[in-house]
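Below is one structure; the comments refer to it alone.
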Amino acid sequence: MPELPEVETMVRDVTPLLSGRRFESARLSHRDVLDGVTGPALVRGLTGARVVGLARRAKNAVILTDRRRLVIQPGMTGAMFVKRRLTADDARYGVLQVRLDDGRTFVYHDVRRLGTIRWLDPAGWQRFSDRIGPEPLDAAFTPEVLRAALARSRAAVKKVIMDQKHLAGVGNIYANEALFLAGIDPSKEARRVSADQAGLLHRHLVTILADAVRAHGTTIRDYRTGTGEPGNFQGELQVYDREGQPCRRCGAPLAGTHGIDARITVFCYRCQR
DNA sequence: ACGAGGTCCTGCGAGC
DNA sequence: TGCTCGCAGGACCTCG
């Protein structure tokens, strides 16, 4: 799915087109994406609301209105656009379409509908956000914070850094990449990761996420930016999607496994211990 | 507290 | 060509 860099990119792209706009009407095609709100309540709430600002929290896009927050977690295939004219694809996969007061339409597009839409009041938002760990690109995310999270867990280190309650926004791609860069075996028990390794992992998590934001994210299959373009980070990937290909550091063929949380893990036997 | 496995969905490419 | 099958960047659940 869109991970932190991809959601950040989508949010940045639609921000200038949504800020200050009023929602004139809304249409929801499938309610299976909703959490904690009914379709009619969402449509009623959105209609007439004005966008006050946009933000990202973990892998969620947050559209703050003068009523509540529209919180969209794009799942595997979610994407958001603001368009003057909708295409046939938008009509088919545009789960939520919101007409703006300038004639454009905000579309939340989601082929597989594994994404989630929430409509949260301040208390609901607080509860939601409190369940998520620190933002890796914030100053509050220090090597000590990562070390403490790892020390508490006997699960595989990869699973821990992908767990949103420990760390916000890291998904399968960037977890694989950061572990490779830090030279850590993804299946290593988290609490057995040394302080030095945790420090390295912290540094690589931060730099890879920042670099990927700069590159507008990684497009392997579905992901598109808020302007419909693919991202540019896929060319920078060291291990993800490169199973069987030579390690860029030592040349050994990269290994692939589904052993951790049934998610594809790619790593180098030689470089990651 | 952990791993394993299943659930929600649809599209796509591989392989027969 | 046309079919079935497995797989996909997430999050949540239950069970043992």
Side-chain angles (χ1 to χ4, degrees), chain A residues 1-10 28-36 56-61 71-80 88-96 108-118 127-129 131-133 149-179 186-192 208-209 212-213 215-225 230-244 256-266:
Chain A
M1 101 159 197
E3 305 181 35
L4 183 154
E6 291 74 31
V7 179
E8 180 70 27
T9 301
M10 292 193 269
L28 181 80
S29 69
H30 294 77
R31 56 191 147 182
D32 51 10
V33 297
L34 300 179
D35 181 38
R56 177 194 57 73
R57 174 80 173 106
K59 303 172 191 174
N60 300 272
V71 179
I72 300 180
Q73 194 268 103
M76 300 274 237
T77 52
M80 54 197 78
D89 253 22
D90 296 323
R92 184 153 177 213
Y93 302 116
V95 176
L96 179 66
Y108 172 61
H109 201 279
D110 193 345
V111 172
R112 286 171 63 191
R113 295 201 310 282
L114 292 172
T116 306
I117 296 176
R118 297 179 171 89
R127 275 195 303 276
F128 178 75
S129 183
R131 284 198 304 268
I132 305 172
L150 295 178
R152 265 183 267 125
S153 176
R154 289 169 12 188
V157 54
K158 180 178 180 230
K159 196 175 169 181
V160 174
I161 60 174
M162 287 175 63
D163 187 333
Q164 300 303 293
K165 70 176 181 285
H166 295 308
L167 184 56
V170 175
N172 200 30
I173 294 179
Y174 300 108
N176 275 296
E177 294 295 312
L179 287 163
S187 64
K188 185 167 189 156
E189 197 178 303
R191 62 179 184 169
R192 294 189 53 245
I208 198 168
L209 292 168
V213 167
H216 299 166
T218 299
T219 297
I220 301 289
R221 257 169 295 273
D222 308 290
Y223 164 69
R224 290 295 177 274
T225 70
N232 296 308
F233 200 71
Q234 52 282 6
E236 313 289 318
L237 298 179
Q238 303 295 310
V239 288
Y240 189 81
D241 210 31
R242 296 194 65 242
E243 179 181 348
T257 159
H258 278 84
I260 304 169
D261 217 17
R263 318 293 307 286
I264 187 133
T265 299
V266 187

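Side chains included, hydrogens not; waters and symmetry mates left out as well; all remaining heavy atoms used.
- When heavy atoms are screened at a 4.0 angstrom cut-off, A:R113 is found touching the sugar-phosphate backbone but no base atom.
- Among the atoms of the strands shown, only primed sugar atoms or phosphate atoms (P, OP1, OP2) are found under 4.0 Å from some heavy atom of A:Y93.
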Inset, instruction - Could you summarise the pairing of DNA chain C as dot-bracket text, marking Watson-Crick and G-U pairs under 3.5 Å with ( ) or [ ] inside the strand and | across strands? - result: .|||||||.|||||||

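- How far CG of A:L4 is from CD1 of A:I173: 12.5 Å, rounded to the nearest 0.5 Å.
- For A:R221, the side-chain contact (heavy atoms from CB on, under 4.5 Å) criterion is met by A:Y240, not counting sequence neighbours.
- The distance from atom CD of A:Q234 to atom CD1 of A:I220, rounded to the nearest 0.5 Å, is 6.5 Å.
- Looking at heavy-atom distances under 4.0 Å, A:R191 makes no contact with the nucleic acid at all.
- Residue-level contact check: A:T218 touches the bases, meaning some heavy atom is under 4.0 Å from a base atom.
- Nucleotides B:dG11 and C:dA11 have their P atoms positioned 22 Å apart, rounded to a whole Å.
- Considering all non-hydrogen atoms of both residues, A:A61 and A:M80 come closest at CB-CE, 3.6 Å.
- Minimum heavy-atom separation, A:S153 to A:V160: OG-CG2, 3.3 Å.
- Using modelled atom types, one side-chain atom of A:D110 and one backbone atom of A:G115 make a donor-acceptor pair closer than 3.5 Å.
- Here the P atom of nucleotide C:dA11 and the CG atom of A:D32 are 18 Å apart, to the nearest Å.
- For A:R242, there are no salt bridge (charged side-chain N to carboxylate O under 4.0 Å, His left out) partners, not counting sequence neighbours.
- A:N176 contributes a side-chain N or O that, together with a main-chain N or O of A:V266, makes up a donor-acceptor pair within less than 3.5 Å.
- Contacts between residues 233-240 of chain A and DNA chain C, defined by a heavy-atom separation below 4.0 Å, involve A:Y240, listed by number.
- Judged as a side-chain contact (heavy atoms from CB on, under 4.5 Å), and not counting sequence neighbours, the contacts of A:E189 are A:R154, A:R191, A:R192.
- Regarding A:L4, its CG atom lies at a distance of 11 Å from the P atom of C:dA11, rounded to whole Å.
- How far CE of A:M10 is from CD1 of A:I72: 9.0 Å, rounded to the nearest 0.5 Å.
- Under the rule for a side-chain contact (heavy atoms from CB on, under 4.5 Å), the partners of A:I132 that lie at least two apart in sequence or sit in another chain are A:R57, A:A58, A:N60, A:F128, A:A168.
- Scanning for side-chain contact (heavy atoms from CB on, under 4.5 Å) contacts around A:A215 gives A:N232, A:F233, with sequence neighbours left out.
- Checked against salt bridge (charged side-chain N to carboxylate O under 4.0 Å, His left out), A:E8 has the following partners two or more places apart in sequence or in another chain: A:R12, A:R56.
- Qualifying side-chain hydrogen bond (donor to acceptor under 3.5 Å, both in side chains) partners for A:Y174, counting only residues two or more places apart in sequence or in other chains: A:E6, A:T218.
- A distance of 10.0 Å separates CD in A:E177 from CG in A:D241, rounded to the nearest 0.5 Å.
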Atom pairs under 3.5 Å: protein N/O with N/O of nucleotides 12-16 of chain C:
none

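- The separation between A:L114 atom CG and C:dA8 atom C1' is 10 Å, rounded to whole Å.
- A gap of 15 Å separates the P atoms of B:dG5 and C:dG6, to the nearest Å.
- Within a heavy-atom distance below 4.0 Å of DNA chain B, the residues of residues 155-162 of chain A found are A:A155, A:A156, A:K159.
- Between the NZ atom in A:K158 and the CG atom in A:N172 there is a gap of 4.0 Å [rounded to 0.5 Å].
- To the nearest angstrom, P of C:dA11 lies 9 Å from CG of A:D163.
- Protein chain A contacts DNA chain B over a range whose 5' and 3' limits, counting nucleotides with an atom under 4.0 angstrom from a non-hydrogen atom, are B:dC2 to B:dG11.
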